[in-house]
Amino acid sequence: MRLLRIVLTTVAAAVAAIGMQIVALISLDAASFGYFSIIYLVGAFALSVSLSAVSEAWVRSELAGTLSDWRSYASVTIYFSGIAALVASAVALLIPPLAPSWWLAALAVFGTVYRASARFHSMRSGQWGGVIAGDVVGMLAVVGALILILTYARGSLEAVMSAWALASMSSALCSRIAVPMPPTVIGTWVRRNRHAISPLLRDSLVMDTAAIGTPYVLAPILGVANFGIYRAVSNVAAPVRLLLNPIRPKLSTLPLSKLVNRSTLIGLLGLSLAVGGIASGALLLLNALDLDLGALNDLTPFALPTGLFVAGNMLGHSYYLIARQHATAERIVRARLVQTLLAVVLPISGAIFAGLLGAIWAYTIATCSSAAFWAVSAHRS
């Protein structure tokens, strides 16, 4: 029963997490997908900061003996989600095609951030009611949205934004809820958990510089349609990361000698190339069958670099997970800085000198180079 529960929540959470990206990718044209991505990246950044300043800070403080009750945790989460929603609505209002959906952007980001934080607390506390209900509702909302949009509203950015807002808020309302304390709880929370927040937030901001900052720099350079195609490359690799993340607990139980030997390297390299080949093959097949799958169709001319990106992403993420478990803090920081530098400098340079093609190939080269560096960091552990 416990295994079934874990499998159910893992599958449901995975569908809910990447579902709206997939819905947007295959139902919108490249330009509309680019606009959607601009708001989605606001939510991604808010999630990253929330994880560092609230969720993981709570865990580290709890382990250190500092008490952080649920109502304080939930109150800070609500206020932070509200701030993120205001930022999302402000960004939407500044972009004419998104302006009519400013309130949907706010609801979508608020629900996404609150749900992720509340789910983290419930799972950590073993309160499965707040985990399963939100996961299942979120999954059903995403699947329903996919069917309805592909049937009745293909190409509608407002329909996708509405679906995202509905799915995220439904999932959030099925989470554990608390009546918020006065806003002064934010200052109390920061003072109580500052020793945990500081290193976590610093680390996440380094990652976000590449993962979120770089796309925002590229958007005006490439133009919104080409930016949508560039973002589509990363979305193709999203299922790979979702498959790898659940194995984190298992990695901690395996000896390092088994994780970094030659056979493991050959196996991971072969599996990564196979998955990358499948991604390239799927894009070529899509082109041959002449199916209408939105922005994904615009990615078919870039099947080769996309496949290589997926392969490099899988290999790099695998060794990143191994390094997180076994490498020294110094090696992890060094590898992350190298990854950030590559992911910022190369794509921007590629976009400036060779447009979309240059940006995609540079992104692929940066990803594969980072994968090699993470592999070396893990092996030197």
Side-chain angles (χ1 to χ4, degrees), residues 18-44 91 95-98 149-150 154-157 159-161 164 210-241 275-313 342-368:
I18 70 165
M20 285 315 305
Q21 295 181 70
I22 302 301
V23 171
L25 182 64
I26 65 177
S27 66
L28 300 176
D29 59 32
S32 296
F33 182 70
Y35 289 123
F36 169 84
S37 296
I38 290 172
I39 301 300
Y40 196 88
L41 286 171
V42 174
V91 171
I95 303 172
L98 287 169
I149 289 174
L150 290 181
R154 183 186 291 271
S156 172
L157 177 59
V160 172
M161 294 296 295
W164 183 20
I212 298 171
T214 302
Y216 275 122
V217 174
L218 288 173
I221 297 174
L222 295 175
V224 69
N226 285 341
F227 171 68
I229 299 172
Y230 176 86
R231 284 293 301 160
V233 174
S234 179
N235 279 263
V236 170
V240 171
R241 294 190 293 273
V275 171
I278 291 172
S280 290
L283 288 174
L284 292 174
L285 181 62
L286 173 63
N287 186 54
L289 296 176
D290 198 27
L291 298 175
D292 180 12
L293 290 179
L296 203 58
N297 290 84
D298 297 298
L299 198 57
T300 55
F302 309 99
L304 177 57
T306 299
L308 290 174
F309 170 84
V310 171
N313 186 270
L342 289 170
V344 171
V345 174
L346 291 185
I348 293 175
S349 300
I352 291 173
F353 292 107
L356 177 60
L357 181 62
I360 290 177
W361 269 109
Y363 190 25
T364 298
I365 293 169
T367 301
C368 293

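The basis for the numbers below is simple: all heavy atoms, side chains too, and nothing from hydrogens, waters or symmetry mates.
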Closest contact, heavy atoms only, [X] versus [Y]:
X	Y	result
Ser280	Ala303	OG-O, 2.7 Å
Met161	Ile39	CE-CG2, 4.2 Å
Leu41	Ala211	CD2-O, 4.3 Å
Ala362	Leu346	CB-O, 3.1 Å
Val344	Ala210	CG2-CA, 3.9 Å
Pro347	Thr214	CB-CG2, 4.3 Å

With a 3.5 Å cut-off and sequence neighbours excluded, list the donor-acceptor pairs that the side chains of residues 215-231 form with protein atoms.
from: Tyr216; atom 1: OH; to: Ile38; atom 2: O; distance (Å): 2.5
from: Tyr216; atom 1: OH; to: Val42; atom 2: N; distance (Å): 3.4
from: Asn226; atom 1: ND2; to: Leu222; atom 2: O; distance (Å): 3.4

Atom [atom1] of [X] and atom [atom2] of [Y]: how far apart are they, to the nearest 0.5 Å?
X	Y	atom1	atom2	result
Asn235	Phe33	CG	CZ	4.0 Å
Leu286	Asn297	CG	CG	4.5 Å
Thr364	Phe302	OG1	CZ	10.5 Å
Thr300	Leu285	OG1	CG	11.5 Å

What I'd like to find out is whether the side chain of [X] reaches to under 4.5 Å of the side chain of [Y], using heavy atoms alone.
X	Y	value
Tyr35	Leu28	no
Tyr363	Ser234	yes
Leu296	Leu283	yes
Leu150	Ile26	yes
Phe309	Val236	no

Would a distance-only check, ignoring hydrogens and angles, find a side-chain to backbone donor-acceptor pair under 3.5 Å from Thr306 to Val233?
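No, Thr306 side chain to Val233 backbone: no donor-acceptor pair under 3.5 Å.
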Evaluate the side-chain contact (heavy atoms from CB on, under 4.5 Å) criterion for residues Phe36 and Ser32: first the C-alpha distance (whole Å), next the side-chain angles of each, then the deciding distance (0.1 Å), finally the verdict.
CA-CA 6 Å; Phe36 169 84; Ser32 296; over 6 Å; no
